[in-house]
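In what follows, a single structure is set out as structure tokens and then discussed.
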There are 2 protein chains.
Amino acid sequence: MSPRGRRPAGENARGAILEAAREQFAEHGYDRTSLRGIARGAEVDPRLVHHYFEGGKAELFAEVMHAPVNPAAFIADVVAGPPEDIGRQLVRTFLGVWDDPDNQSALLALVRSGLTNEGITDQLRGFVEQGLLGQIMQAHPVTAGLPLRERRRRAGVIGVQMLGLIISRYVVELPGVADAPAATLVERIGPIIQAQLDS
Amino acid sequence: MSPRGRRPAGENARGAILEAAREQFAEHGYDRTSLRGIARGAEVDPRLVHHYFEGGKAELFAEVMHAPVNPAAFIADVVAGPPEDIGRQLVRTFLGVWDDPDNQSALLALVRSGLTNEGITDQLRGFVEQGLLGQIMQAHPVTAGLPLRERRRRAGVIGVQMLGLIISRYVVELPGVADAPAATLVERIGPIIQAQLDS
DNA sequence: TGCTTTATTCATCACATGATGAAATATATG
DNA sequence: CATATATTTCATCATGTGATGAATAAAGCA
């Protein structure tokens, strides 16, 4: 087809590969995505994928996933407001991140792959334990003073809300959740979370 | 190794295959599970898998998944009690099904595979729409009279609880959820659902 | 200009996968 | 006992996968 050597500039293959990878990882998850499929999607020779990402599929995935969102900043944003609004603010910030098209495909890929992958679930669990239980609940006057056992329980219920929200809205696409405006969900789920804090 | 022909009886290869398949589908999901891996797990020649399940991997999966739980009976169980207890009863029945070791691996397989598989999500969505929105909410005096739009929204929140519960307890295994006794979760999540019904 | 680096294509490897045909042997049936 | 049938192993196939070496051509630099 094309002549053999370097193309006459302005092609940006690397970018095309990353974009195709993001799309396909998000849509099919890690396993069902192949390097050759990505190359096809990027209209590029498969060898190029290895050329730019020498670590192969794993590195490409890592690159796509790389810090789609900064957990520290996320937490900071949530605890910035008044304690009686943490529940709503958590949902608001959360949906803000997930509804952002820049993050969405990466996050979706993470979830779609992570649920079968073992090891990414560790990451999720860690985030819930440290960020949620360790920081957000410390920022609330009521939960901060609770015994660990009780804090764990409440953090669990909050985790259920978050995970349920992701899966319902972005993966399974439940009607009434996937098609609801973010503000509606903030009003529906926020108070449920808040109740776990205020007691 | 073994001689070529039929083994001297009492081996029950078919059962071993099914068991190994159930395990591996549950642990790794559909994609990461191979026929050869199943055969290895069942200590059986790979050809046997095809011999007993001529449809191959798809039929084997279908067989393993075959009606792990009857939705109609499930719904009937939930709406059997008084309306003011539907929330708790829903969680109770739900956990009863999922905590049963007979069902668990099949259900896990379904979820682990379904979230990347596109098409099983349809099934999930359908169950939530028909069973939850169409039947359970009809059985409650308050929600039965609500306009469809509002019913959808509430069903959505309930769906979030159910999906969140599955993912948190069985897939991600959040502390505070995975290790909680069923009764605790009934008391924690049940009222949240009930509130969506009573209004 | 000439040399080096980078980008791109082509040609393969080794391997795992799902699938199928054929041979061998135990059990079931007449 | 003879014959059919069910169960098992072996031997392959075609395909798709991730990976690598080598050739070629443009771009960058001396």
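Chain A is the first sequence line, chain B the second, and so forth, proteins listed ahead of strands; every chain is numbered from 1. Since the structure is predicted, the reported quantities are computational estimates derived from the model, not experimental observations.
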Whole angstrom is fine here: how far is it from [atom1] in [X] over to [atom2] in [N]?
X: I38(B); N: dG18(C); atom1: CD1; atom2: C1'; answer: 12 Å
X: R32(B); N: dT17(D); atom1: CZ; atom2: P; answer: 15 Å
X: R14(A); N: dA7(C); atom1: CZ; atom2: P; answer: 9 Å
X: I17(B); N: dT9(D); atom1: CD1; atom2: C1'; answer: 13 Å
X: E11(B); N: dT27(C); atom1: CD; atom2: P; answer: 10 Å
X: H50(A); N: dC10(C); atom1: NE2; atom2: P; answer: 18 Å

Which of these nucleotides, [options], is closest to any side-chain atom of [X]?
X: D45(B); options: dT6(C), dC10(D), dA19(D); result: dC10(D)
X: R47(A); options: dG18(C), dT8(D), dT20(D); result: dT20(D)
X: H51(B); options: dT8(D), dA7(C), dA19(D); result: dT8(D)
X: R4(B); options: dT9(C), dA24(C), dT7(D); result: dA24(C)
X: R36(A); options: dA7(C), dT12(C), dA19(C); result: dT12(C)
X: L35(A); options: dA19(D), dT20(C), dT8(C); result: dA19(D)

Output yes when [X] and [Y] qualify as a salt bridge under the 4.0 Å nitrogen-oxygen rule, no when they do not.
X: R112(B); Y: E27(B); answer: no
X: D85(B); Y: R92(B); answer: yes
X: E129(A); Y: R152(A); answer: yes

Check: L35(B) and L60(B) side chains under 4.5 Å, non-hydrogen atoms: yes

Min side-chain heavy-atom separation R14(B)-F53(B) under 4.5 Å: yes

Presence of S34(B) side-chain N/O under 4.0 Å of dA16(C) phosphate oxygens OP1/OP2: no

dT6(C) phosphate, OP1 or OP2, under 4.0 Å from Y52(A) side-chain N/O: no

Sugar-phosphate only, base, or nothing, as touched by L48(A) at under 4.0 Å among non-hydrogen atoms: base

Touch class at under 4.0 angstrom, heavy-atom based, for R7(B) against every strand present: sugar-phosphate

